[in-house]
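Letters go in sequence order (proteins before strands), and every chain restarts at 1. Predicted, not measured: the structure shown is a model, and the values here were computed from it.
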2 protein chains.
Amino acid sequence: MINRQIVLASHPQGVPLPSDFACVEAAVPSPSTGQMLVRNLYFSLEAAIRGWLDGKANYFEPIPLGGAIRGPSVAQIIESKLDGFEVGDIIFGLHHWEDYSLSDANTVLLSKLSPKAGIPLSYYSGGLGGSGQTAYVGLHEIGKIAPSDTVVISAAAGATGSMACQIAKLCGCRVVGIVGSDEKARLITNTLGADAAVNYKAVDDLAQAVAAACPEGVDVYFDNVGGRTLDAVLTCMNAFGRVIGCGMISDYNDPDNPTPIYNLWKIVEKELTMRGFLLYSYMDKVPEAMEQLHAWVEQGEITVLENITEGLPNAGRAYSDMMKGATVGKNLVRVDTEHDAC
Amino acid sequence: MINRQIVLASHPQGVPLPSDFACVEAAVPSPSTGQMLVRNLYFSLEAAIRGWLDGKANYFEPIPLGGAIRGPSVAQIIESKLDGFEVGDIIFGLHHWEDYSLSDANTVLLSKLSPKAGIPLSYYSGGLGGSGQTAYVGLHEIGKIAPSDTVVISAAAGATGSMACQIAKLCGCRVVGIVGSDEKARLITNTLGADAAVNYKAVDDLAQAVAAACPEGVDVYFDNVGGRTLDAVLTCMNAFGRVIGCGMISDYNDPDNPTPIYNLWKIVEKELTMRGFLLYSYMDKVPEAMEQLHAWVEQGEITVLENITEGLPNAGRAYSDMMKGATVGKNLVRVDTEHDAC
């Protein structure tokens with residue numbers, strides 16, 4: 001057996017290029033006591049990974065040149081020396097972009113999945129995985145949404161944003177999504193139930209456009225992008241509003257030159273709370289999130305948007321497309337288990 | 001009787017000048033039912049007032065040209081048509097810079113004071129007034145300080161900062177103050193008990209200087225200044241750190257050109273909470289704060305730093321000095337009750 005790995009070939013300059021990644025062939029590792037060997041099935045492509053590609057610590061150690069890309073996956077256990085985890089079980093965890101990974105009790109985000117009949121396994125990498133959980137936990141624990149709130153969501157057609165739109169709507173909020181194309185604007189209003197959409201690329205004054213779409217002001221802002229969008233939405237916040245600091249993708253491709261923010265005075269003036277969060281600090285909230293998300297998906301209340309790329313060797317290209325903003329919904333790579341060479 | 005008023009003569013450009021203010025003579029008003037006439041004794045000079053001088057709303061209506069400057073005062077009731085408030089009572093409230101003001105149940109920050117024997121009345125405008133209350137409420141309600149925390153405080157020799165230094169220290173925290181002169185640095189370490197001080201004007205790299213003064217990182221940042229100082233301290237915050245958004249004086253003198261902030265990514269990466277607050281939203285916490293502050297002052301545990309300017313007509317000059325950063329401690333104007341003309 002060969003273990004294909006997607007490794008970091010070069011530190012990206014700005015948006016990652018497919019050539020920043022390379023496929024290499026390695027040996028399949030053997031689990032020691034307390035470990036298990038898993039076969040990766042779906043990789044979840046995450047904006048956060050971009051922060052690990054520059055050779056600097058960014059809430060995780062950087063990925064070294066030649067090192068396998070770190071990323072969460074749905075995987076199946078093929079050998080286990082870890083109590084409570086059996087061969088055949090499906091798990092989720094932060095592994096590497098490779099066919100086979102070692103996993104253990106310390107694996108970040110590790111959980112044993114109980115996939116339900118009729119629900120695609122891929123959903124557990126996205127809508128029912130980190131993206132959906134992040135949306136749910138962020139809105140409730142950080143945003144403290146209430147039914148009458150106006151909730152603005154950026155990157156609203158993205159993996160987390162598309163789930164946040166639907167969850168906030170199901171919780172009775174008025175939902176306004178910010179997106180980067182008219183096509184995405186139609187998608188979030190027609191398919192995801194958003195009350196309004198703002199295409200930030202099509203307006204001269206984003207703050208004005210958000211204000212117009214939110215006649216009663218903004219109570220909660222689910223911020224996936226940071227930068228100019230955050231700066232604009234800050235001017236629209238109601239007193240005691242909450243800003244959910246989920247991500248700042250606008251700066252991920254060029255972290256040495258972050259976009260300046262000018263409107264922080266609003267945090268004092270409007271007594272806002274801006275709180276950052278990373279899902280793995282809220283794992284105790286995940287069971288409740290999963291139960292609710294499962295129910296909504298089974299009832300057809302939530303549409304899980306997916307963009308699945310076939311084949312592990314295409315992961316780098318898929319990642320590049322996502323970081324260009326060219327995709328919609330959750331970006332996944334399905335590992336081609338029948339082709340073992342790069 | 002003449003009612004001297006200090007009015008806005010011109011919208012300041014940058015730091016207010018004494019000539020932006022003028023003293024005019026008006027009639028003493030008569031209280032209607034539900035109102036009281038008070039004689040102002042001490043005015044508390046507040047950085048927040050700067051935000052009301054530009055003709056734009058800034059969590060209060062702007063002060064119009066020719067309008068009396070709005071500001072909190074300690075005052076004595078000389079005529080009352082308001083139940084529960086008797087002639088002779090000492091009150092605190094947001095009045096105007098004038099000899100006599102009308103006050104009523106809706107007066108912002110209104111409270112009846114119970115001055116204790118041996119405590120100067122001026123303290124109720126500062127250390128035992130809004131500044132001390134803001135420091136206490138900010139540290140506890142927003143900063144959620146715990147004894148082992150490292151707390152960084154900017155404008156640490158100022159009215160609020162000097163109280164925050166001492167309160168945090170009394171609560172068992174390690175306290176590091178950021179100030180603008182070596183003299184202030186000595187003051188906060190020698191007199192206020194701060195463990196370390198950083199003179200931001202004397203260091204090349206403020207982030208590095210703060211990091212050096214906080215070897216275990218920063219858990220709570222009491223931000224009175226915003227701007228470059230906030231940007232620097234953000235890089236030093238520990239995971240789950242709290243930023244108390246109390247003020248952003250660095251931008252008050254030029255609100256149309258706020259200082260850009262570049263390091264907001266830290267809010268996500270470190271899961272920080274940045275929360276703005278205005279004291280008047282936390283009036284229910286004031287009794288507890290007052291009880292504790294009184295006790296500390298009486299026990300000699302807290303030094304109240306005051307810079308008292310004599311005479312209402314000098315209020316504009318005193319305000320200008322404060323906004324230049326030329327003063328230390330609480331800036332007050334003592335109303336010269338024996339001189340009734342401008």
Side-chain angles (χ1 to χ4, degrees), chain A residues 47-48 50-52 56-60 134 137-138 141-142 223-231 234-235 237 239-252 254-282, chain B residues 47-48 50-52 56-60 134 137-138 141-142 223-231 234-235 237 239-252 254-282:
Chain A
R50 179 63 185 84
W52 307 331
K56 298 174 205 154
N58 189 343
Y59 74 83
F60 273 113
T134 295
V137 169
E141 300 301 318
I142 315 294
D223 184 23
N224 290 305
V225 306
R228 292 189 315 115
T229 306
L230 170 60
D231 225 8
L234 278 172
T235 68
M237 298 296 294
F240 303 104
R242 286 83 70 197
V243 177
I244 306 165
C246 181
M248 296 198 173
I249 198 171
S250 65
D251 289 330
Y252 289 179
D254 191 6
D256 288 338
N257 294 294
T259 312
I261 302 290
Y262 293 95
N263 295 322
L264 277 194
W265 165 244
K266 290 289 169 187
I267 290 186
V268 181
E269 183 190 358
K270 298 291 187 178
E271 303 188 70
L272 309 179
T273 301
M274 180 170 183
R275 178 177 291 180
F277 84 109
L278 303 171
L279 180 62
Y280 65 66
S281 298
Y282 295 83
Chain B
R50 181 62 185 85
W52 307 331
K56 296 173 204 152
N58 190 344
Y59 73 82
F60 273 112
T134 294
V137 170
E141 300 302 318
I142 314 295
D223 184 23
N224 290 304
V225 304
R228 292 190 314 116
T229 307
L230 170 60
D231 225 7
L234 278 173
T235 67
M237 299 296 295
F240 302 104
R242 287 82 70 197
V243 177
I244 305 165
C246 181
M248 296 197 174
I249 200 171
S250 65
D251 289 331
Y252 289 179
D254 191 7
D256 287 338
N257 294 295
T259 313
I261 303 290
Y262 293 96
N263 294 323
L264 278 194
W265 165 243
K266 290 289 168 187
I267 290 184
V268 181
E269 182 190 357
K270 297 291 186 178
E271 303 188 70
L272 308 180
T273 300
M274 179 170 183
R275 177 176 291 180
F277 84 109
L278 303 171
L279 181 61
Y280 65 65
S281 297
Y282 295 83

Q: Please state whether the side chain, the backbone, both or neither of B:L272 comes within less than 4.5 Å of a heavy atom of chain A.
A: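 When you check distances to chain A, only backbone atoms of B:L272 fall under 4.5 Å.
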Q: Report the distance from atom CG of A:N263 to atom CD1 of B:I261, rounding to the nearest 0.5 Å.
A: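 Answer for the CG-CD1 pair, A:N263 versus B:I261, is 11.0 Å.
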Q: Restricting to non-hydrogen atoms, name the atom on A:Y262 and the atom on B:P260 that form the minimum distance, rounded to 0.1 Å.
A: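 Nearest heavy atoms, A:Y262 then B:P260: CE2-CB, 3.6 Å.
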Q: Less than 4.5 Å apart, any side-chain heavy atom of A:L264 and any of B:L264?
A: yes
Q: If you take all heavy atoms of B:L278 and A:E271, which pair is closest and at what distance?
A: N-OE1, 3.0 Å
Q: Working to the nearest 0.5 angstrom, can you tell me the gap between B:F60 CZ and A:E269 CD?
A: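 Answer rounded to 0.5 Å: 11.5 Å.
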Q: Between CD1 of A:I267 and CZ of B:R275, what distance do you get to the nearest 0.5 Å?
A: 11.5 Å
Q: In terms of heavy-atom proximity below 4.5 Å to chain B, should A:Y282 be classed as side chain, backbone, both, or neither?
A: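 Only the side chain of A:Y282 comes within 4.5 Å of chain B.
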Q: Tell me, side chain or backbone of A:L230 under 4.5 Å from chain B's heavy atoms, or both, or neither?
A: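 The side chain, not the backbone.
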